[in-house]
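Have a look at the structure below before the remarks.
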Amino acid sequence: DGLSFGKRDAFDVVDELGRLLINASAVTPGGVVVFFPSFKYADDVYQRWVRTGAVGQLAKHKAVFEAEKGAFSYSHWFPYDPVGVVHAGP
């Protein structure tokens, strides 16, 4: 129920999601990708994590990138197609 639509903006839920991501990133080799249901929600969560220091803690484990609305390119962020073939270029 914690990540239900009605509670997803609650600071305790967003903060716990940040802690989960930080902990998972600390033990996960390679990169980690996080998807959000909308760019607005992603921006709201990111701004909260900036204010609480979660982005800084996350950056100790992984490079942090924020996709810009309208600039998302699947092949840019994911050089592998669904069957695992590496694309030679953009």
Side-chain angles (χ1 to χ4, degrees):
D1 187 45
L3 286 176
S4 66
F5 183 80
K7 292 186 177 182
R8 70 180 190 169
D9 290 326
F11 288 153
D12 61 330
V13 172
V14 173
D15 295 347
E16 183 62 27
L17 186 59
R19 286 188 292 275
L20 174 74
L21 184 58
I22 292 163
N23 291 335
S25 295
V27 297
T28 303
V32 174
V33 178
V34 178
F35 291 94
F36 291 92
S38 70
F39 280 99
K40 172 155 181 14
Y41 185 59
D43 187 57
D44 291 346
V45 169
Y46 184 81
Q47 293 307 318
R48 171 68 183 172
W49 290 348
V50 167
R51 286 191 302 275
T52 63
V55 169
Q57 291 177 22
L58 183 59
K60 293 177 184 176
H61 305 289
K62 306 288 181 197
V64 178
F65 302 95
E66 185 180 15
E68 295 180 22
K69 185 175 181 179
F72 182 79
S73 168
Y74 181 85
S75 62
H76 173 78
W77 293 101
F78 307 103
Y80 304 96
D81 66 22
V83 294
V85 178
V86 177
H87 294 283

Y41 side chain reached by V14 side chain, heavy atoms, under 4.5 Å: yes

Side chain to side chain, L21 and W49, heavy atoms closer than 4.5 Å: yes

Path from L20 to V32 over hydrophobic side-chain contacts below 4.5 Å: yes

Nearest 0.5 angstrom please: [X] [atom1] to [Y] [atom2], how far?
X   : Y   : atom1 : atom2 : answer
R19 : E16 : CZ    : CD    : 4.5 Å
N23 : L58 : CG    : CG    : 10.5 Å
I22 : H61 : CD1   : NE2   : 7.0 Å

Pairing residues for K40 by the salt bridge (charged side-chain N to carboxylate O under 4.0 Å, His left out) criterion, not counting sequence neighbours: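 Scan of K40 (salt bridge (charged side-chain N to carboxylate O under 4.0 Å, His left out), adjacent residues dropped) gives D44.
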
